[in-house]
Novice: 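Structure below; questions to follow.
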Amino acid sequence: MEVRRKIIIGNWKMNGQSKDLVDINLLLKKITQKEIDIVIAPPATLLYEFNGLNTQKNLLLSGQNCHQVELGAYTGEISAAMLKNAGANYVILGHSERRKAYKETSTLVRLKASEAVKQGLTPIICVGEHLKSYESNQTLNVIEKQLRVSLNSKIICDNPVIAYEPVWAIGSNKTPSPEEIETVHSFTRNHLSNRFGEHAANHCRIIYGGSVNKNNASKIFSLNNVDGGLIGGASLKAIDFLELIMIMKNSLT
Ligand code: PEP
């Protein structure tokens with residue numbers, strides 16, 4: 001029995017100011033959460049305002065990162081509790097841009113995910129290989145290691161979203177073939193099943209991210225073990241994101 005709702009997540013990264021919320025109002029009028037989960041991860045400065053506009057709860061909101069401890073002397077950081085308080089339901093963790101720029105490790109991702117779960121946020125845990133690993137057929141080894149370290153049974157109880165995002169596919173207009181994506185996703189599902197049991201494997205959503213656009217989305221979203229998409233560039237304009245939302249809805253069987 002199918003227990004996973006498809007989910008589409010727009011990651012705005014470090015883009016967006018109050019004026020961009022006009023576009024979002026347009027989106028809010030055209031969507032509902034009826035068939036799929038629709039999430040936007042705006043910059044933290046816009047979360048609260050976003051939440052205020054989202055009176056019908058047509059959108060779910062996500063942070064883009066959080067700190068691993070609850071509160072304290074961590075200048076410039078944002079806690080999971082603050083994200084929750086501003087209206088977020090999810091938080092993206094371990095995005096490759098953070099792994100690269102801020103040397104975030106899978107151990108740190110696990111600590112952040114634990115804190116997120118504690119505060120009532122669902123983590124969206126990103127994993128993915130660099131080009132060199134892809135080219136030397138090391139993708140599954142890299143993914144296995146990242147999953148092994150990033151997850152534990154407490155985090156799994158919250159049914160985290162796992163986002164497979166090949167680092168070389170992000171913002172590059174390149175993607176793995178549909179067969180390669182399916183291979184990584186079914187490998188991830190097996191990893192969850194072997195380590196945490198069937199329930200976890202059936203309930204955790206495994207989504208793909210990296211240069212998804214209107215031309216490749218239909219193929220990717222229709223793959224057996226792809227439960228959704230993490231969208232960067234194509235989520236910045238409401239009209240583009242809406243198109244992907246429609247494609248995902250059409251991919252439902
Ligand atoms: C991302 O950064 O998570 C992402 C998927 O970006 P893009 O869609 O632009 O490749």
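First listed ligand is number 1; within each ligand, the first listed atom is number 1. Just so it is clear, the structure is predicted and the values come from calculations on it, not from any experiment. Hydrogens, waters and symmetry mates play no part in the numbers below; they use all other heavy atoms, side chains included.
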Novice: If you measure every N or O of G232 against every N or O of ligand 1, does any of those distances drop under 3.5 Å?
Specialist: yes
Novice: Which atoms form the tightest heavy-atom contact between V39 and F241, and what is the distance?
Specialist: O-CZ, 3.8 Å
Novice: Counting N and O atoms only, with roles assigned by atom type, does the side chain of E180 sit under 3.5 Å from a partner on the main chain of S177, one being a donor and the other an acceptor?
Specialist: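 Flag set: sc E180 to bb S177 pair under 3.5 Å.
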Novice: Which of the atoms in ligand 1, numbered in the order shown and given with their element, are less than 4.0 Å from a heavy-atom of G233?
Specialist: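 Checking each atom against G233, I get 7 (P), 8 (O), 9 (O).
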Novice: By number and element, which atoms of ligand 1 are closer than 4.0 Å to a non-hydrogen atom of G171?
Specialist: 7 (P), 9 (O), 10 (O)
Novice: Identify, by atom number and element, the atoms of ligand 1 in contact range of K13, meaning under 4.0 Å from any of its heavy atoms.
Specialist: 1 (C), 2 (O), 6 (O)
Novice: Would you say the ring centroid of F50 lies under 6.0 angstrom from that of W12?
Specialist: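 Yes.
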Novice: For atom 1 (C) of ligand 1, what is the closest protein heavy atom, and at what distance to 0.1 Å?
Specialist: H95 NE2, 3.2 Å
Novice: Hydrogens and angles aside, do E49 and S18 bring a side-chain donor and acceptor to less than 3.5 Å of each other?
Specialist: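 Looking only at side-chain atoms, S18 and E49 do form a donor-acceptor pair, the distance falling under 3.5 Å.
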Novice: Quick check: does any side chain N or O of Q146 sit under 3.5 Å from a backbone N or O of S106, one acting as donor and the other as acceptor?
Specialist: no
Novice: Any side-chain to backbone donor/acceptor pair from R195 onto S153? Under 3.5 Å, distance only.
Specialist: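 Checked: no pair found.
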Novice: For ligand 1, is there an N or O atom under 3.5 Å from any N or O atom of S211?
Specialist: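 Yes - when backbone and side-chain N and O of S211 are compared with those of ligand 1, one distance drops under 3.5 Å.
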Novice: Answer yes or no: does an N/O atom from V212 fall short of 3.5 Å to an N/O atom of ligand 1?
Specialist: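 No: no nitrogen or oxygen of V212 is under 3.5 Å from one in ligand 1.
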